[in-house]
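This report concerns only the one structure given below.
These numbers were taken from a predicted model, which means no experiment stands behind them.
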There are 2 protein chains.
Amino acid sequence: MSTFRRRVIPDATIARLPIYQRCLMELEEDGRKKASSEQLAELAGVNGAKVRKDLSYFGTYGTRGVGYDVPHLLHEIRRELGMTHDWPCVIIGAGNLGSALAKFGGFVDRGFSVVAIMDVDQSKVGHQVGSLTVRHEDELPEVVKEFDISIGIITTTAAAAQDVADQLVEAGVRSILNFAPATLDVPYGVLVRDVDVAIELQILAFHEERRALSEAEIV
Amino acid sequence: MSTFRRRVIPDATIARLPIYQRCLMELEEDGRKKASSEQLAELAGVNGAKVRKDLSYFGTYGTRGVGYDVPHLLHEIRRELGMTHDWPCVIIGAGNLGSALAKFGGFVDRGFSVVAIMDVDQSKVGHQVGSLTVRHEDELPEVVKEFDISIGIITTTAAAAQDVADQLVEAGVRSILNFAPATLDVPYGVLVRDVDVAIELQILAFHEERRALSEAEIV
DNA sequence: GCAACTTTGTGAACAAGTGAACAAGCTCGG
DNA sequence: CCGAGCTTGTTCACTTGTTCACAAAGTTGC
């Protein structure tokens with residue numbers, strides 16, 4: 001066993017890395033070779049100190065007096081994020097959202113490919129979604145093995161979500177992206193990230209409501 | 001002007017309110033009349049102290065020795081979140097995602113209704129998406145006025161997103177839900193929340209990658 | 001009416017995240 | 001080779017968020 005201890009990266013930093021990556025991709029497309037932390041910060045919508053601190057967790061990729069080398073930094077961030085290889089994903093739930101995600105090509109160029117879409121509903125099995133054919137959920141273990149899948153995307157109803165999560169975990173998947181409005185219970189070591197559009201809308205509504213209230217108060 | 005100063009609610013608390021609301025709805029459906037902070041915490045996937053502290057920002061809705069009254073607490077949270085009335089939303093970008101969101105009824109029972117879907121692409125204008133007809137983006141100001149819209153949902157490409165955001169702001173919308181992978185620049189007072197599926201996938205990938213690395217290290 | 005028990009509401013300690021400030025280090029012009 | 005001018009990397013004070021721990025306040029059984 002190695003005595004080397006990898007530096008722990010704050011969650012907040014990890015969440016910003018993909019944003020930096022995106023900004024660096026834009027800079028690279030524009031043919032920019034160098035970028036300062038302030039320029040990167042401007043693009044990412046954060047402040048310069050934050051960018052410098054975030055990047056410093058991974059080593060010293062900048063040059064004082066100059067800035068960061070765009071292609072080099074991009075490569076390093078890609079490496080940290082595991083974007084040097086492809087991540088096969090499975091979508092479970094072939095409804096509106098699941099189908100839209102499967103058809104959407106936008107993740108492929110970011111290193112993610114949807115290799116299978118599945119559903120419990122027999123009437124949906126066999127249907128074509130983009131270039132994929134909907135398979136039955138029971139085949140999950142084989143599909144995970146076949147494509148060496150490490151990421152599962154849940155787009156079922158809230159009621160079915162926990163069941164699907166259990167099946168994913170059982171099949172060996174340890175990373176889950178959950179679109180269902182449900183709190184999933186998973187064993188230690190399995191990571192779930194929730195995407196809940198209703199929650200986002202409610203947060204917006206909360207602030208709108210408060211705005212309306214304080215305006216009423218002033219008048 | 002009122003001298004009354006509304007207590008400031010932490011962002012982290014606001015983000016959890018919709019989750020509590022969801023859990024309380026489940027409890028109510030099950031016919032439960034009372035719930036303790038620990039039970040609520042269990043459902044919401046947080047700890048009891050957090051639930052109590054979060055709820056205490058809004059007043060004392062619990063009864064010591066008993067817990068919280070489910071219907072009453074639900075009502076109070078709904079009121080805080082502005083869920084006592086409906087929020088009309090407009091979707092801009094009638095692609096896969098925009099159409100899927102428009103057709104998806106899941107937000108309606110949470111107080112949000114998509115009242116219009118728009119696009120710049122003339123070839124999409126006039127097409128039917130669920131019960132809505134795609135209108136041209138140029139009509140945005142009239143649509144916002146017509147339906148008294150306060151929330152705009154951007155489902156365009158990253159390239160078009162900033163332009164659409166400007167138009168929304170211009171039309172008087174101050175709450176934006178952005179699905180485009182772009183950092184939007186908006187004036188003070190306008191609230192943007194980003195939903196970026198690729199970022200979520202990349203965060204999952206980061207952890208998968210680290211797991212793979214540490215496992216390789218141990219061997 | 002009192003003791004035993006339960007659960008809230010909150011003060012205080014702790015942990016995580018942010019941002020200003022600045023020394024260290026690099027470049028470049030002369 | 002040196003000094004002026006930038007920009008990074010990092011420290012430190014501060015803000016925000018979490019968790020513990022417990023008094024206060026209620027309920028229940030006798």
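- When the P atom of D:dT7 is taken as reference, atom CD of A:Q39 falls 8 Å away, rounded to whole Å.
- In this structure, A:D11 places its CG atom 11 Å from P of C:dT18, rounding to the nearest Å.
- For B:N47, the side-chain atoms get nearest to D:dT19 when compared with the rest of C:dT10, C:dG19, D:dT19.
- As judged by a 4.0 angstrom heavy-atom cut-off over every strand, B:Y57 is placed among residues making no nucleic acid contact.
- Salt bridge A:K33/A:D69: absent, no basic N to carboxylate O contact under 4.0 Å.
- In this structure, of C:dT18, C:dT8, C:dG9, it is C:dT18 that holds the atom nearest to the side chain of A:A12.
- Applying the side chain to side chain contact (heavy atoms under 4.5 Å, CB included) test between A:L40 and each of A:V46, A:L24, A:V70 identifies A:L24 as the sole match.
- At whole-Å resolution of the value, CZ in B:R52 and C1' in D:dT18 are 13 Å apart.
- Computed from coordinates, the B:I9 CD1 to D:dT16 P distance equals 14 Å when rounded to whole Å.
- Each of A:G65 and A:R16 lies near DNA chain C, and the nucleotide nearest A:R16 is the one positioned closer to the 5' end.
- A close approach under 4.0 Å does not occur between any side-chain nitrogen or oxygen of B:Y68 and OP1 or OP2 of D:dG26.
- Taking atom CG of residue A:D69 and atom C1' of nucleotide C:dT27, one finds them 15 Å apart after rounding to whole Å.
- Between B:S150 and A:R211, the side chains place no donor N or O within less than 3.5 Å of an acceptor N or O (distance only, hydrogens not considered).
- The base of C:dG19 sits with one of its N or O atoms less than 3.5 Å from a complementary donor or acceptor on the side chain of A:K53.
- Distance B:F58 CZ to C:dT8 C1': 17 Å, rounded to the nearest Å.
- Of the two residues near DNA chain C, A:T63 and B:R64, the one whose nearest nucleotide lies more 5' is B:R64.
- Rounded to an integer number of Å, the gap from NZ of A:K50 to C1' of D:dT8 is 18 Å.
- Listed pair A:S37 / D:dT8 meets the phosphate criterion, a side-chain N or O lying under 4.0 Å from OP1 or OP2.
- Computed from coordinates, the B:E42 CD to C:dT7 P distance equals 14 Å when rounded to whole Å.
- A:F58 is not listed as a side-chain neighbour of A:I77, based on a closest heavy-atom distance of 4.5 Å or more.
- Not one N or O on the side chain of A:R22 forms a donor-acceptor pair closer than 3.5 Å with the backbone of B:I199.
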